Chemist: 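Below you will find the structure I want to go over with you.
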Amino acid sequence: MGRIGVDVYPLQSGVSLAEVETFGKFLGGSPANVAVAAARLGRRTAVITRTGEDPFGEYLHRALREFGVDDRWVTPVAGLPTPVTFCEIFPPDDFPLYFYRQPKAPDLVIHADELDLDAIRTARIFWTTGTGLSEEPSRSATFTALEARAKSGLATVFDLDWRPMFWKDGVTVAGDGSVPEGAGGPAAARAFYERALAHATVAVGNLDECEVATGEREPGAAARALLATGVELAVVKQGPKGVLAMTRDGASAEVPPVPVDVVNGLGAGDAFGGALCHGLLCGWELERTMRYANAAGALVASRLACSSAMPYPGEVDTVVREGRA
Ligand SMILES: Nc1ncnc2c1ncn2[C@@H]1O[C@H](COP(=O)(O)OP(=O)(O)O)[C@@H](O)[C@H]1O
Ligand SMILES: O=C(O)C[C@@H](O)[C@H](O)C(=O)COP(=O)(O)O
C-alpha cells in the first residue's frame, strides 16, 4: 500500500538532467516496485494506491497487469496528475531523485473508508511505507490498515522509506505528540513512525531511514532500537555495505554485499523488499532470506531501471550461488 508513479529515467549516465537527451518510462514508486519484485519471484501480489485520471494512470494500470500485479485496488483521483519521478545517474553511489507530485500525489488521497479491510486482514504479507504517513488522508488510511493487521498473526512490514521532500518542515511536534495537519520534518515523522511500528511485525530501512525512525545510525544499535518499537524482525539495509538483520528472539544475520558494477542504485531496496517477502513466505531461516534479498538488491543496482529490472528466481539463485552479480 502506498506510492506509485511513473519513473522517467535518463538513458544517459553521468550527466545532469540539464544535459540528458533521452529518457525511458517505467512503472515506479517504492511499494509498487516491491509488489512487482515479489511477483517476479512468483508471488501473487496487489497494490492499494491511486493514480491521476490521465494517460500515465492508464499506463500504470497496464504496467501493473503486465507485471502480474493485481490492480483492482488502484483507483483514479480526478483533477490530480499521476506523479512522475526523474533521476540522475552518477554511479557508483549518487542517484538524486526529482519528484513531481504537485499539487498533491493521488497516492496520498487514499481514504480509510475506501479500504478493503477484509483483503488487508487476510493477505499473508502486508507492506506499507513511511511516505504514506506524510499527509492526510493517506496517513489515517495507513494507520487504519495497520490496525486491521495488528492481531492477524501474519507478517506486516513497515518500510521506513524516508523521503524528506514529502514532509513539510519547520513545525515541531506538540507536547501531546500531536502534529498539526501539514506540519512535518523528522521529529514529526518519528512520532508517526513509532505509531506505525507498533502495529508492524517487520521493520526495514536503510541507515538514513533508521536514524529518522530511531535516532541511531550504527547498524546494530539501529536494529536493536527498531526491535524496541515492538517488531519481531528488524532489517537494516546498508547499500554497498550489505545488510544486518536481527530478530526479537535473538537471531541475527549480517550479510556482506555482493560485488557488482553499479549502473543505477535506485530500486535495489525495492528488489530487496520483494525478495524479503518471498523469503518470509517460504519460511526460510533468517540468513538464507538475507542472502537472497541481498543478491536481488545487488542485481537491480547493476541495472538501469527499477520495476522492469526486478530479477527472476533463477537470476537470484545464480548470484547467491556464484557470489557475484
Ligand atoms: N552497490 C551495491 N552493491 C551491492 N549490493 C547493493 C548495492 N546497493 C544495494 N545493494 C543491496 O540492496 C540492498 C538495498 O539497497 P539500499 O541502497 O541499502 O536500499 P535503499 O535503496 O532502500 O536505500 C542493500 O542492503 C544490498 O543488499
Ligand atoms: O520510490 C519512488 O517513488 C521512486 C521510485 O520509483 C524509484 O524506483 C526508487 O527510487 C526506488 O527506491 P529504492 O528501492 O528505495 O532505491
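Computed from a predicted model, the values in this text were never measured in an experiment.
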Chemist: Taking Glu232 for its side chain and Arg248 for its backbone only, find out whether a donor-acceptor pair lies under 3.5 Å.
Modeler: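 A pair under 3.5 Å: no.
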Chemist: Could you check whether the rings of Phe143 and Phe192 sit parallel, tilted or perpendicular, using 30° and 60° as the cut-offs?
Modeler: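 Correct class here is tilted.
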Chemist: For Asp161, is there an ion pair with Arg3 - N to carboxylate O distance below 4.0 angstrom?
Modeler: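 Answer for the salt bridge query: yes.
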Chemist: Looking at side-chain heavy atoms only, is the closest gap between Asp107 and Val77 below 4.5 Å?
Modeler: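 No, too far: nothing below the 4.5 Å cut-off.
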Chemist: Hey, what do you get for OG (Ser140) to CD (Glu147), rounding to the nearest 0.5 Å?
Modeler: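 Answer rounded to 0.5 Å: 9.5 Å.
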Chemist: How far apart are the closest heavy atoms of Pro81 and Pro103, and which atoms are they?
Modeler: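 What the structure gives for the nearest pair is CD-CD, 4.1 Å.
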Chemist: Applying a strict under-4.5 Å side-chain criterion to I, L, V, M, F, W and Y, I'd like to know whether Leu286 and Val204 cluster together.
Modeler: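 Leu286 and Val204: one cluster.
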Chemist: Glu315 side chain to Tyr312 main-chain N or O, any donor-acceptor pair under 3.5 Å?
Modeler: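 Here the side-chain-to-backbone pair exists.
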Chemist: Rounded to the nearest 0.5 Å, how far apart are CD of Glu287 and CZ of Arg291?
Modeler: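 Atom-to-atom, Glu287:CD and Arg291:CZ are 4.5 Å apart.
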Chemist: Does any non-hydrogen side-chain atom of Pro83 lie less than 4.5 Å from one of Pro106?
Modeler: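 Yes - at least one pair of side-chain heavy atoms lies under 4.5 Å apart.
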Chemist: Nearest 0.5 Å, please: how far is CD1 in Ile125 from OG1 in Thr156?
Modeler: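 It comes to 9.0 Å.
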Chemist: Using 0.5 Å steps for rounding, measure from the CZ atom of Phe166 to the CZ atom of Arg101.
Modeler: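 Interatomic distance, Phe166 CZ to Arg101 CZ, rounded to 0.5 Å: 4.0 Å.
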Chemist: Applying side chain to side chain contact (heavy atoms under 4.5 Å, CB included), run through Leu60 and Thr82 and close with a yes or a no.
Modeler: CA-CA 9 Å; Leu60 291 176; Thr82 298; 3.5 Å; yes
Chemist: If you define the side chain from C-beta out and look only at heavy atoms, does anything of Ile48 sit under 4.5 Å from Ile120?
Modeler: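 Yes; the side chains approach each other to less than 4.5 Å.
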Chemist: Working note: Ile110 + Leu115, criterion side chain to side chain contact (heavy atoms under 4.5 Å, CB included); need CA distance, chi angles, decisive distance, verdict.
Modeler: CA-CA 8 Å; Ile110 302 174; Leu115 295 174; 3.9 Å; yes
Chemist: Answer yes or no: are there more than 12 heavy-atom neighbours, outside Arg65 itself, under 6.0 Å from its atom CZ?
Modeler: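 More than 12 heavy atoms, drawn from other residues, nucleotides or ligands, come within 6.0 Å of this atom.
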Chemist: Looking at OG of Ser134 and CH2 of Trp167, how far apart are the two atoms once the value is rounded to the nearest 0.5 Å?
Modeler: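 Reported value, rounded in 0.5 Å steps: 5.5 Å.
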Chemist: Under a 4.5 Å side-chain heavy-atom rule over Ile, Leu, Val, Met, Phe, Trp and Tyr, are Leu146 and Met1 clustered together?
Modeler: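 Yes, it is one cluster - the side chains of Leu146 and Met1 are joined through contacts under 4.5 Å.
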Chemist: In a check of side-chain contact (heavy atoms from CB on, under 4.5 Å) between Leu64 and each of Val47, Thr51, Asp70, which one passes?
Modeler: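 By the side-chain contact (heavy atoms from CB on, under 4.5 Å) criterion, Leu64 pairs with just one of Val47, Thr51, Asp70: Val47.
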Chemist: Are Leu299 and Val260 side-chain neighbours, meaning at least one heavy-atom pair lies under 4.5 Å?
Modeler: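 Leu299 does not reach Val260 side chain to side chain.
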Chemist: Hydrophobic clusters here meaning ILVMFWY residues chained together by side-chain heavy-atom distances under 4.5 Å, can you tell me if Val262 and Phe272 are in one?
Modeler: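 No, Val262 and Phe272 fall in different hydrophobic clusters.
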Chemist: Do His111 and Arg50 have side-chain heavy atoms sitting under 4.5 Å apart?
Modeler: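 In contact.
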Chemist: Taking Ala309's backbone N and O only, do any of them form a donor-acceptor pair with Arg303's side chain (distance below 3.5 Å, no angle check)?
Modeler: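 Present.
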Chemist: Mind checking side chain to side chain donor-acceptor pair (under 3.5 Å) for Arg324 and listing every partner two or more places apart, or none if nothing turns up?
Modeler: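 For Arg324, no residue satisfies side chain to side chain donor-acceptor pair (under 3.5 Å) once neighbours in sequence are set aside.
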Chemist: Has Glu254 got a side-chain atom pairing as donor or acceptor with Val243's backbone, closer than 3.5 angstrom?
Modeler: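 Checking the backbone N and O of Val243 against the side chain of Glu254, no donor-acceptor pair under 3.5 Å is found.
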Chemist: How far apart are the closest heavy atoms of Gly132 and Ser138, and which atoms are they?
Modeler: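 Smallest heavy-atom distance, with atoms named: O-OG, 2.6 Å.
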Chemist: Could you report the tightest heavy-atom contact between Arg121 and Ala148, atom names first, then the distance?
Modeler: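 Taking every non-hydrogen atom into account, CG-O, 3.3 Å.
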Chemist: Mind running side chain to side chain contact (heavy atoms under 4.5 Å, CB included) on Ser13 and Val263 for me, showing each step along the way?
Modeler: CA-CA 8 Å; Ser13 181; Val263 173; over 6 Å; no
Chemist: Could you report the tightest heavy-atom contact between Leu197 and Val231, atom names first, then the distance?
Modeler: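 Closest approach of Leu197 to Val231: O-CG1, 3.8 Å.
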Chemist: Give a yes or no on this: more than 12 heavy atoms of other residues, nucleotides or ligands lie within 6.0 Å of atom CD of Glu21.
Modeler: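 No, because the 6.0 Å sphere around CD of Glu21 holds 12 heavy atoms or fewer from other groups.
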Chemist: What do you reckon, are the aromatic ring centroids of Phe86 and Tyr100 less than 6.0 Å apart?
Modeler: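 Yes, close enough.
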Chemist: Hydrophobic cluster membership, with links at side-chain heavy-atom distances under 4.5 Å among I/L/V/M/F/W/Y: are Leu281 and Met290 in one?
Modeler: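 Result: yes, single cluster for both.
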Chemist: Less than 4.5 Å apart, any side-chain heavy atom of Gln12 and any of Thr22?
Modeler: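 They are in side-chain contact.
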Chemist: Just wondering, do Val8 and Thr85 contact through their side chains at under 4.5 Å, heavy atoms?
Modeler: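 SC-SC contact between Thr85 and Val8 ruled out.
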Chemist: What distance separates Glu53 CD from Thr75 OG1, expressed to the nearest 0.5 Å?
Modeler: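 The OG1 atom of Thr75 is 10.0 Å from CD of Glu53, to the nearest 0.5 Å.
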Chemist: Where the side chain of Glu218 meets the backbone of Gly220, is there a donor-acceptor pair that is under 3.5 Å apart?
Modeler: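 Yes; judged by distance alone, with no hydrogens or angles, the pair exists.
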Chemist: What do the steps show when you test Asp317 against Tyr292 for side chain to side chain contact (heavy atoms under 4.5 Å, CB included), and what is the final call?
Modeler: CA-CA 8 Å; Asp317 290 338; Tyr292 194 86; 3.5 Å; yes
Chemist: Which heavy atom in Glu209 sits nearest to a heavy atom in Asp159, and how many Å separate them?
Modeler: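 Heavy-atom minimum between the residues: OE1-OD1, 4.2 Å.
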Chemist: Report yes or no: does Asp54 contribute a side-chain atom to a donor-acceptor pair with the main-chain N or O of Gly57 at less than 3.5 Å?
Modeler: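 Answer holds: yes.
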Chemist: If you measure only the distance, is there a donor-acceptor pair under 3.5 Å linking the side chains of Tyr98 and Glu88?
Modeler: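 Short answer, yes.
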Chemist: State plainly whether one hydrophobic cluster holds both Phe90 and Leu97, where clusters connect Ile, Leu, Val, Met, Phe, Trp and Tyr through side-chain heavy atoms under 4.5 angstrom apart.
Modeler: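 Each belongs to a different hydrophobic cluster.
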Chemist: Give a yes or no answer on whether the side chain of Thr229 reaches the backbone of Ala198 with a donor-acceptor pair at less than 3.5 Å.
Modeler: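 Here the side-chain-to-backbone pair does not exist.
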Chemist: Is the side chain of Ser302 donor-acceptor paired with the backbone N or O of Asp261 at a distance under 3.5 Å, no angle test?
Modeler: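 No, because the side chain of Ser302 does not come within donor-acceptor range (under 3.5 Å) of the backbone of Asp261.
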Chemist: Is there a donor-acceptor pair under 3.5 Å between the side chain of Thr45 and the backbone N or O of Ala35?
Modeler: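 Between the backbone of Ala35 and the side chain of Thr45 there is a qualifying donor-acceptor contact (under 3.5 Å).
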Chemist: Is the terminal nitrogen or CZ of Arg40 (NZ for Lys, CZ for Arg) located under 6.0 angstrom from the six-membered ring centre of Phe67 and within 45° of that ring's axis?
Modeler: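 Judged by the rule, Arg40 and Phe67 form no cation-pi pair.
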Chemist: If you look at every heavy atom in Ala223 and Met246, which pair is closest and at what distance?
Modeler: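 Heavy atoms of Ala223 and Met246 come nearest at CB-SD, 3.8 Å.
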Chemist: Just grab all the side-chain hydrogen bond (donor to acceptor under 3.5 Å, both in side chains) pairs involving residues 264-283, residues at least two apart or on different chains.
Modeler: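 side-chain hydrogen bond (donor to acceptor under 3.5 Å, both in side chains) check on residues 264-283 returns Ser30-Asp270, Asn33-Asp270, Arg43-His278.
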Chemist: Are any side-chain N or O atoms of Asn206 and backbone N or O atoms of Asp208, one a donor and one an acceptor, separated by less than 3.5 Å?
Modeler: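 Pair found, side chain donor or acceptor close to backbone of Asp208.
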Chemist: Looking at Phe99, does the NZ or CZ of Arg163 lie under 6.0 angstrom from its six-membered ring centre and within 45 degrees of the ring axis?
Modeler: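 Ring-cation test returns no.
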Chemist: Could you tell me whether the side chain of Phe158 reaches within less than 4.5 Å of the side chain of Thr201, counting heavy atoms only?
Modeler: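 They are not in side-chain contact.
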